[in-house]
Amino acid sequence: MSVLIFVELDNGSIKKTSLEAVAYGAAVAQTQSTTATVLAIGNADSNELAKAGAYGASKVLHANEAALSNENAMAYASVLAAAVQQESSKIVILPKSGLSDAMGARVAAKLGASIVSGVTELPDLSNGFQVKRSIYTGKAFATVEVKGDIKILGIKKNAIEAQEGSGTATVESFNPSLPDGDFTAKVINQEKASGELSLTEADIIVSGGRGMKGPEHWQPLLDLAEALGAATGCSKPVSDLDWRPHHEHIGQTGIKVAPNLYIACGISGAIQHLAGVNSSKVIVAINKDPEAPFFKAADYGIVGDVFDVLPRLTKAVKESK
Amino acid sequence: MKILVCITNVPDTSAKISFTDNNTKLNKAGVQYMIGPYDDYALARAVELKEKSGGSITVLNVGEADSDPQIRKALAIGADDAIRVNCDPQDSYFTAAQIAAVAKEGNYDLILMGRESIDFNSGVVHGLVGEMLGIPSFSPVMKLDIEGNIAKFAREIEGGKEHLEAPLPLVLGCQEPIAEWKIPNMRGIMTARTKPLKVVEPVEVNDLASLTAYSLPAPKGACKMIPADQAETLISLLKTEAKVL
């Protein structure tokens, strides 16, 4: 009956958003008077996985067959479904991401389970099992009654404040047999920017729009991002113009982000861009046009030339360290 | 090659969202509707694939009669016929079960849709449909070519992309830059009027989740403006006041 939580790994460690999922799952487990079990897939050190215990898990199942070294959502779903069965889990928690959505979906169809993606708060158990989820790309919320015997929830970043405690979890090897049908696709190659901070994981994002005037003028933005330890993003026009790579595009049709701090440089604030950033805790807008709509969505604003303001901010960050 | 393209009928990306009937219904007054932007990319690529190697495109919508203008637009862009499953879907599993039921009958080689709908943003329907049909699903796919019975495609992964090859049939959730959106031409609009649009009733599905209410985010407080010549003070405010540094 254990609550099962899938965690994503980055270089053998549990991602921060996944630790939030563990904390969320542990909180739900408490309401059900049961324990929280974590499933990790891929290469990782047992000591790293045991850290899930500090967020409330009592056990970690670790699947690390060589066949699982690529993020293959179908094979991962088969592993997750096997774990649900082994643990007789009725509630499954995943961190909202492309991989988790794909896995959760296939597991839901395998088990005839309810699936709700984009959950923003702990469930309300006062009247059935109700969850609040983000809809219309962050412009609104819906409350959903989840009725399946097995419930799969994809939780959004910041759905819960993850507090690190002192518990530890035992780590068990878990390698169920995998159907051949999960491996019909051949990975030809991967192009991955190495060493880049992931936008969905980042606490701080510095993002640029057309106001940056061209790809050759990006350095002041990159300097501020480096000083802050921030990831970099951009608006849709910037990625459409190929000034920045497509995987940096933040907005309604790009990546949706939820950092603690989002700094928008020379982005006017079209509703489609705001939809991708409105889950950020604090938003700073820097724009030379005082009428830019971003100022209506921001917590702090500076009306000025980004090429003047950015170096001053970078300097101030460096001096404040 | 038989292609099924699933489209959603959603409020325009610039629509202001509000609710009526005690927060149980979307306020549709003044809201323009569109084909889901990701679905529109899927449709555009399907039309290109058909132009290159022939075949047929069926467009599918799970929705009520107010989807018909979007379905006609998809027909004008280049789909050959259309099916609408007549219902107001409120849950991903339900929607996927409707698509899977249509797909089983039609024996499609390729089932394309957007990576997610822009109303509910779940991003799970392609995976559900794939599993329900017992075939692979991938998302978000940003490049797609078909050679014989093999799909050669790229999907976005964190910080980059992955190139894959897999035999058909497949379910793919699509996003840009898989193709450029297509605007229907006059001839397309004229012929779309007479292309077949079949309306079918939904299959029965276990009730797994239902919407009870909508809500809006708390309004944002006023933006604190900092003079450009004192930009440095922003950093100390972010530390001491906002506590995010």
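A, B, ... follow the sequence lines: proteins, then strands. Residue 1 opens every chain.
If you measure heavy-atom distances from A/V282 to chain B, the contacts under 4.5 Å come from the side chain alone. In this structure, chain B has no heavy atom under 4.5 Å from any part of A/E319. Using a 4.5 Å cut-off between heavy atoms, A/K236 contacts chain B through its side chain alone, with no backbone atom that close. B/P11 touches chain A through its side chain: at least one heavy atom from C-beta onward sits under 4.5 Å away, while N, CA, C and O do not. With a threshold of 4.5 angstrom between heavy atoms, A/L199 does not approach chain B through any atom at all. Contacts of A/A275 with chain B are absent, with no heavy-atom separation under 4.5 Å from either backbone or side chain. For A/K96, the part lying near chain B is the side chain, with the backbone staying farther off; criterion is any non-hydrogen pair under 4.5 Å. Contacts of A/K256 with chain B are made by side-chain atoms alone, with heavy-atom separations under 4.5 Å and no backbone atom involved. Heavy atoms closer than 4.5 Å to chain B are found in the side chain of A/I204, but not in its backbone. For a residue to count as touching a neighbouring chain, one of its non-hydrogen atoms must lie under 4.5 Å from one of that chain's; by this rule A/S134 touches chain B with the backbone only. Neither the backbone nor the side chain of A/A77 comes within contact range of chain B; no heavy atoms are under 4.5 Å apart.
One side chain, A/Q130 or B/T212, offers a donor N or O that lies under 3.5 Å from an acceptor on the other.
By number of non-hydrogen pairs under 4.5 angstrom with chain B, the leading residue of A/A316, A/A73, A/G304, A/A109 is A/A109.
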If you apply the rule side-chain contact (heavy atoms from CB on, under 4.5 Å), what do you find for B/L26 with A/Y136, and how did you get there? CA-CA 11 Å; B/L26 178 71; A/Y136 294 109; 3.5 Å; yes
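Salt bridge absent: B/D229 and A/R312 never bring a charged side-chain N and a carboxylate O closer than 4.0 Å.
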